Amino acid sequence: MTIIVWDGEGLATDRQAIDGSHKRETDKAWYISRGDTIYIVSGVGLLKNIINLREWYKEGANPKEYPLNGISNGQTISQQLLVVHPKDGLLVYEDTTMPECRGFEPCAFGEGKEYAYGALSMGATAVEAVSIANQYSLHCGKGIALYSLHRSKAEYHERG
């Protein structure tokens, strides 16, 4: 499970992954480049689908090559690909090739987002909001990673 928070400047995630009954730490967002432009990409949903979407976006986001077409096999599958764009802010692709532009408005996605929204409404940063979600949600934890287009690598914070 994942908590992702965008505060208009930085994108923060928890670092917890679950494999059956085992918890481990992992990265949930990545810096990618297309041409001379650097983006931050993350997502909520099945990890294999998020990685496929990340690669689709990295390769140019051609609608005809959308990787999730027809994979549902009658089941409801919901993925959200989150892209931090240097000029447009946060773009959200939710099971579609057309993004919703959330811009620089603070927002949260995934498990524990209710806690994060509460923290954001009181002026918390993305890191502080993820820390609150980590503290109260059963589904996220194992520390925090902060991504910003002003840095070239993630900044890790203690477990929250």
Side-chain angles (χ1 to χ4, degrees), residues 1-18 26-121 123-130 132-134 137 139-140 144-155:
M1 308 290 177
T2 298
I3 178 69
I4 302 171
V5 178
W6 167 246
D7 64 11
E9 188 173 313
L11 184 91
T13 73
D14 74 316
R15 302 208 60 236
Q16 179 173 287
I18 299 172
T26 190
D27 290 324
K28 297 183 178 183
W30 307 272
Y31 291 97
I32 66 165
S33 61
R34 283 177 30 189
D36 293 335
T37 306
I38 302 293
Y39 303 88
I40 301 166
V41 178
S42 187
V44 177
L46 295 174
L47 179 59
K48 66 181 183 174
N49 293 344
I50 299 305
I51 290 172
N52 285 336
L53 288 168
R54 176 192 71 192
E55 294 305 306
W56 168 77
Y57 189 82
K58 186 177 180 180
E59 296 300 320
N62 182 339
K64 293 179 181 179
E65 297 175 3
Y66 187 67
L68 301 184
N69 284 338
I71 68 160
S72 68
N73 296 326
Q75 299 176 7
T76 301
I77 295 178
S78 182
Q79 318 301 316
Q80 291 176 307
L81 178 70
L82 310 174
V83 177
V84 177
H85 187 283
K87 294 179 183 168
D88 297 330
L90 188 68
L91 304 175
V92 180
Y93 293 83
E94 187 165 3
D95 296 326
T96 181
T97 61
M98 298 300 298
E100 173 190 0
C101 183
R102 300 291 293 266
F104 297 91
E105 165 195 351
C107 49
F109 304 87
E111 298 291 336
K113 70 181 176 185
E114 298 84 1
Y115 299 112
Y117 269 119
L120 287 170
S121 72
T125 65
V127 168
E128 292 166 334
V130 170
I132 294 294
N134 283 354
S137 174
H139 304 289
C140 46
I144 302 164
L146 175 64
Y147 300 82
S148 169
L149 294 176
H150 305 295
R151 291 188 268 291
S152 60
K153 62 180 184 172
E155 176 182 296

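In what follows, every heavy atom counts, from backbone to side chain, and hydrogens, waters and symmetry copies are set aside. Only a predicted model underlies this, so the values are computations on that prediction, with no experimental measurement involved.
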Original post:
Which atoms form the tightest heavy-atom contact between Lys28 and Thr2, and what is the distance?
Top reply: NZ-OG1, 3.3 Å
Original post:
Do you know the tightest heavy-atom contact between Ala29 and Ser42?
Top reply: CB-CB, 3.7 Å
Original post:
Which heavy atom in Asp14 sits nearest to a heavy atom in Val130, and how many Å separate them?
Top reply: N-CG1, 3.8 Å
Original post:
Looking at side-chain heavy atoms only, is the closest gap between Val5 and Ile3 below 4.5 Å?
Top reply: yes
**OP:** Provide the closest heavy-atom pair for Val92 versus Arg102 in the form atom of the first, atom of the second, distance.
**Re:** CG2-CG, 3.6 Å
**OP:** For residues Ile132 and Ala119, report the shortest heavy-atom separation together with the two atoms involved.
**Re:** CG1-CB, 4.1 Å
**OP:** For Tyr147, check ring-ring contact (aromatic ring centres under 6.0 Å, His included) against everything at least two apart and list the hits.
**Re:** Tyr31
Original post:
Within a strict 4.5 Å, meaning less than it, do heavy atoms of the Pro67 and Leu53 side chains meet?
Top reply: yes
Original post:
How would you list, by chain and number, every residue that makes a side-chain contact (heavy atoms from CB on, under 4.5 Å) with Glu155, sequence neighbours excluded?
Top reply: Leu146, Arg151, His157
Subject >> Minimum heavy-atom distance between Leu81 and Arg54, given as atom pair plus value >> reply: CD1-N, 4.1 Å
Subject >> Check: Trp56 ring centre within less than 6.0 Å of Tyr93 ring centre >> reply: yes
**OP:** Mind telling me whether Phe104 and Trp6 have parallel, tilted or perpendicular rings, with 30° and 60° as the class edges?
**Re:** tilted
Subject >> His139 backbone acceptor or donor facing Ser137 side chain under 3.5 Å >> reply: yes
